[in-house]
Visitor: 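I have a structure here, written as structure tokens, and I will follow up with some questions on it.
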Amino acid sequence: MSRTLQTSPTTGTEVKSPGRWLALSVLVLAVLLVAVDATVLGLATPSLSEDLKPSGTQLLWIGDIYSFVIAGLLVSMGSLGDRIGRKKLLLIGATAFGAVSVLNAYATSPEMMIVARALLGVAGATLMPSTLALIRNIFHDPKERSLAIGIWGATASAGAAVGPVVGGALLQHFYWGSVFLINLPVMAVLVLVGIKLLPESRNPVAGPWDLVSVGLSLVGVIGVVYAIKEVASHGLTWEVGAAAVVGAAALYSFVRRQHTLTAPLLDMRLFKHRGFSGAVLADLLTVFGLSGLVFFLSQFLQLVQGRDPLEAGLAELPAAIGAVVTGLVAGRYARRFSVRAVVTGGLGAIGLALAAITLVHKETGYPLLGAALLVVGLGAGFSFTVTADVILSSVPKEQAGSASAVSETAYELGAALGIALLGSIVTGVYQGFTAPAGVPADAAAAAHDSLGGAFEASVGLDPATADGLVSTAQGAFVDGLNIAAGVGAAVLLATAAAAWFLLKGQRLEDGIEH
């Protein structure tokens, strides 16, 4: 099956093939795996820390380098798919993703793990824009496309929340590397089935692929995000300042270069459209709130409340359920009410749920946590799905890869910033605690690295001192979580207000394209 749309020989009109929904199932599989991989490592962090013994900074890099690299390469890979074929790029990326997963599973040092996660990000960058671009070319009826994007968006949002469940189930019985080895059979199915079911599509007049723009995009995104992360963690130093300047200069050069190229990687004129820019901003900050919350609640549930990995993963399931429920109906509600009402409502819901997390303490019962996660999922499903539809509908289908890449860059950059910025707040507050009297200096230093390090440092101390150290460290972690949640809530509520104005008059398409 190479096409999902055929032309009737008698009427000349396009006849829809049922194969388009089977093709969607393959694309959803790819999205699910990449989204799961962004958060599955959260629950594995304690056992990974025990095995590889990373520092606190290395641990943050292991957590977010995957998303940083994806964010830096998405525009380039989306443009490459427009040129060589989205199906071809998707299948190449899926094969590489499976192979590099093995390297992640058997990493033997923090440095090797960081490199392996970065390479996984390179492979992941080929998958996400290809999936959304193929949907744009498979579904020509805007209402059907909204449903398809709803399924895609629900999977992407839910995947971030399902990651801890998958990780918990695997860690209950296997070592931490199993969270990567699970990628192999999934990618094998994706490649074998995708060869048969997916149609090929490309931009016939895309022009050459500009490698200079590729390098500028990668250096710019990673440089700027690294600087933000380091300033939040350790303050401004000359190295961080240099990274910020280099990153900003690279992004400025990238934008200037796109204006001069006859075949740019990204058509910068898209951002002059108020609705497009508003959708991108909402996209980014929706995922900022979702990923930051899921990542740190995973550690809270395990290391503060003492749940095992599987129990902690299941505890985060309401976020996935909420995202799926609202993702499937988001397009219908956006047509019935308005795009801005649905997106603003979704962002506001995430902001209020994050505000509720500021009330969390060590003994907080599950009803508050579960309700907050459910509301975050409901809000993410509404906001993320509708903004993806707005972004994709704003361009001709020949540019679907580039537009998809913008949406996916917002998604991955949001995930990276959620972990980096909110994580830096948690880490900064946590490292400020004072170790109880009687704790040896080396144990206190190890405890200040991370909460997992505090548990390891307590081994060998007398019971009273060990309990005091762990309790103090847990209290500092919760304080950091509360402050980070408050910052996240303020950002999301401010974005909700901005979206109300930026998305004024924005509508989803109703008619059928020919």
Side-chain angles (χ1 to χ4, degrees), residues 33-34 36-74 93 96-126 163 167 171 175-183 215 217-234 237 239-240 242-244 246-247 291-292 295-296 298-299 412-413 415-424 426-427 431 446 449-453 456:
L33 197 59
V34 176
V36 164
D37 247 64
T39 58
V40 71
L41 201 61
L43 284 177
T45 297
S47 52
L48 183 150
S49 298
E50 184 178 345
D51 192 10
L52 301 184
K53 296 180 171 51
S55 67
T57 299
Q58 287 175 326
L59 193 60
L60 277 177
W61 273 112
I62 289 171
D64 58 34
I65 189 63
Y66 171 77
S67 293
F68 285 177
V69 172
I70 285 184
L73 286 175
L74 275 170
F97 198 90
V100 177
S101 293
V102 177
L103 183 63
N104 279 262
Y106 295 106
T108 56
S109 69
E111 294 81 8
M112 182 178 176
M113 189 70 196
I114 292 170
V115 171
R117 288 284 284 169
L119 291 175
L120 198 66
V122 175
T126 68
L171 293 169
Y175 89 116
W176 59 264
S178 62
V179 302
F180 296 106
L181 294 178
I182 192 65
N183 295 342
S217 171
L218 182 63
V219 171
V221 171
I222 292 181
V224 169
V225 175
Y226 169 78
I228 293 171
K229 170 184 171 304
E230 287 299 302
V231 167
S233 297
H234 306 112
T237 63
E239 295 97 335
V240 173
V246 169
S291 62
F295 185 80
F296 292 104
S298 294
Q299 296 182 59
E412 293 300 336
L413 192 56
L417 289 173
I419 293 173
L421 292 183
L422 298 183
S424 296
V426 173
T427 300
Q431 291 178 340
D449 248 358
S450 67
L451 185 52
E456 288 186 30

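These numbers come from a predicted model, not from an experiment. Counting begins at 1 with the first residue of the sequence.
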Visitor: May I ask you to decide if Ile62's main-chain N or O and Arg117's side chain share a donor-acceptor pair within less than 3.5 Å?
Guide: yes
Visitor: Identify, with sequence neighbours excluded, every residue that meets side chain to side chain donor-acceptor pair (under 3.5 Å) alongside Asn104.
Guide: none
Visitor: Write down the atom of Gly93, the atom of Ala123, and the distance for their closest heavy-atom approach.
Guide: O-CB, 4.0 Å
Visitor: Nearest heavy-atom pair of Ala116 and Val100: which atoms, and what distance?
Guide: O-CG1, 3.7 Å
Visitor: Can you measure from CG (Leu120) to CZ (Phe180) and round to the nearest 0.5 angstrom?
Guide: 7.0 Å
Visitor: For Gly247 versus Val224, what's the shortest heavy-atom pair and its separation?
Guide: C-CG2, 3.6 Å
Visitor: Does Val122 have any side-chain contact (heavy atoms from CB on, under 4.5 Å) partners at least two apart in sequence or in another chain, and if so, which?
Guide: Val69, Leu73
Visitor: I'd like a table of donor-acceptor pairs (distance under 3.5 Å, sequence neighbours excluded) in which one partner is a side-chain atom from residues 105-114, with atom names and distances.
Guide:
| unit_1 | atom_1 | unit_2 | atom_2 | d |
| --- | --- | --- | --- | --- |
| Ser109 | OG | Met112 | N | 3.1 |
| Glu111 | OE2 | Gln58 | NE2 | 3.2 |

